[in-house]
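In what follows, a structure is listed as structure tokens, so that the remarks can point back to it.
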Amino acid sequence: MSTPICDFVKNYAKKSGSRFHMPGHKGKKMLGFEEYDITEIDGADNLFAPEGIIAESERNASRLFGCETFYSTAGSTLCIQAMLYLVSLYASARGEEPFILAGRNAHKAFLNACALLGIKTEWLYPQGGSYHSCALSPQMIENAISNCKKPIAVYLTSPDYLGNMLDIRGISAVCKKHGVLLCVDNAHGAYLKFLPEPCHPIDLGADICCDSAHKTLPALTGAAYLHISDTAPELFHERAVAALSLFGSSSPSYLILQSLDMLNDFLPDFKNRLKAFLQEVDALKKALSLHGFTLVGTEALKLTLAPKSFGYTGAELARIMECEGIYPEFYDPDFLVFMLSPLNTHDELKKLSDFLLSLEKRSEIKASFPPFAHPEQVFSVREAIFKESELLPVLQCSGRVCACAAISCPPAVPIVACGERIDENVLGCFEYYGIESCAVIKE
């Protein structure tokens, strides 16, 4: 497949011309890649008004994903902002206020975008589980839509950080039955399109979704996609670029754009490598399960352990593994997450396998994560985030109202959302996860 962005930049770099344009390094090597780092010079096109090489590259990506695909060099965060803006526009065109039902494990980027856009949300809570995940069934979505003011959209995260996946096909059918849009944060699932049996949200009926290309595909950090289904409202297609430009930098990274462009040529081979690699991953998961480890989630390229059953906390086991040169994606007291890729070598996978299968099993740790908190909503997200706030030790926050989503990334899922009251259950979660301070609204 053609790689028009990469070809243009390579040809430009070969000219060795005098650069009297941005960036300030002028193509002179300091880190080694500067000659390929350019700006919107003649012929380089414009990400937010694409007519040339970027437009051609995005068309290539659209053919691969089977929908209309747009590039982001600011990660899925930009795509989430654009997605919610489009939903707001659609609601306005229908004479409605934007109101969304959202799974409670939404990334803080969702909360921030709702605050900026004034979108009203109602949370969908799972029945049990940790705060990372939100196990919602089609029937639960059906009940939620039927028992509240009709939303303009349902917003879900699938896969989640632990590798749990929702029944997007079934939920899509429910949404279509009620005339409700389905938006999916698929940041961890770009590769799902290239499985032997594709299960990308767009294939399963979502109207719009985001992918972080850098999370599961061989792209530079910050590379992401906004995907719009062929059956989505026409307004989405017409205003997508404007939506991205509203929040995105006017100086997008051409290094990241080249990364996305090169992926189009690489992905057919990646699909073949993925099929073979999955056999190794399945064998590893089976061996670990037989060895006594508790595995979490069904996502193909994510290995998530619940190591307390083996006598270790996630944090403890991560520290041991890092001393052996094995670096996980995420850990907390209960879970240890490894993100796998066909670009991991056989030797790397064997190193991970050998370590885990040789680990001494200890007595099970019985303590588990605290129950999912359901705090009282005092202010809307927008009201809360624009109120005067102060940062306090969590022990002084009982009864106070959270001003912003203070949680680290990963997993960037707020325990308490902006505008919610901090109660004893929230304080218990803070203590369990080692959160020592929180921004609260000044009284």
Side-chain angles (χ1 to χ4, degrees), residues 1-14 31-38 44-45 47 50 52-76 78-79 159 186-203 209-228 252-281 299-303 329 338-349:
M1 186 172 285
S2 65
T3 54
I5 302 175
C6 294
D7 294 344
F8 174 87
V9 176
K10 285 178 183 177
N11 289 334
Y12 183 70
K14 287 178 182 177
L31 294 173
F33 51 71
E34 283 79 5
E35 64 181 320
Y36 301 108
D37 182 33
I38 65 167
D45 209 356
L47 180 59
I53 58 175
I54 294 176
E56 181 184 346
S57 185
E58 287 183 330
R59 286 194 295 270
N60 288 342
S62 296
R63 285 193 288 272
L64 286 168
F65 282 95
C67 58
E68 191 167 18
T69 296
F70 302 88
Y71 290 160
S72 163
T73 64
S76 281
L78 174 58
C79 298
N186 184 56
H188 283 249
Y191 77 95
L192 297 176
K193 177 66 180 178
F194 307 101
L195 290 172
E197 295 183 14
C199 54
H200 191 272
I202 295 295
D203 294 325
C209 79
C210 65
D211 297 351
S212 287
H214 73 261
K215 284 185 168 64
T216 60
L217 300 177
L220 295 181
T221 298
Y225 302 109
L226 178 68
H227 301 293
I228 301 177
S253 166
Y254 268 77
L255 294 173
I256 296 174
L257 286 175
Q258 289 169 77
S259 172
L260 286 165
D261 187 44
M262 187 60 71
L263 268 184
N264 295 333
D265 189 53
F266 178 79
L267 284 172
D269 179 61
F270 176 84
K271 183 175 182 178
N272 294 330
R273 293 171 67 172
L274 180 59
K275 184 177 181 180
F277 183 71
L278 287 173
Q279 296 178 356
E280 291 189 74
V281 174
E299 188 192 329
L301 287 185
K302 196 166 277 169
L303 171 63
E329 161 66 21
F338 303 88
M339 295 182 70
L340 311 176
S341 166
L343 276 76
N344 285 123
T345 65
H346 174 77
D347 287 345
E348 287 175 325
L349 209 62

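In what follows, every heavy atom counts, from backbone to side chain, and hydrogens, waters and symmetry copies are set aside. Start at 1 with the first residue, then count along the sequence.
In this structure, P196 and L278 have side chains that are in contact, with non-hydrogen atoms separated by less than 4.5 Å. Using a 4.5 Å heavy-atom threshold, the side chains of Q258 and Y36 count as touching. By the 4.5 Å heavy-atom criterion applied to side chains, P159 and N186 are counted as neighbours. Within the 4.5 Å cutoff, the side chain of M339 has heavy atoms near those of the T216 side chain.
Side-chain atoms of S76 do not come within 3.5 Å of backbone N or O of C79 as any donor-acceptor pair. N344 places a side-chain N or O within donor-acceptor distance of the main-chain N or O of S341, the cut-off being under 3.5 Å.
Ring geometry for F270 versus F266: interplanar angle of 30 to 60°, hence tilted.
With no hydrogens or angles considered, no side-chain donor-acceptor pair links T3 and D265 at under 3.5 Å. Side-chain polar atoms of T73 and S253 form no donor-acceptor pair below 3.5 angstrom. No side-chain donor-acceptor contact under 3.5 Å links E299 and H188. Side chain to side chain, H200 and D211 meet the donor-acceptor criterion of an N or O pair below 3.5 Å.
In this structure F194 satisfies the ring pair (Phe, Tyr, Trp, His ring centres under 6.0 Å) test together with F65, sequence neighbours excluded.
L257 pairs with exactly one of I38, I54, V9, I53 by the side-chain contact (heavy atoms from CB on, under 4.5 Å) rule, that one being I54. Only one option out of D45, D261, T69 pairs with S57 in a side chain to side chain donor-acceptor pair (under 3.5 Å); it is D261.
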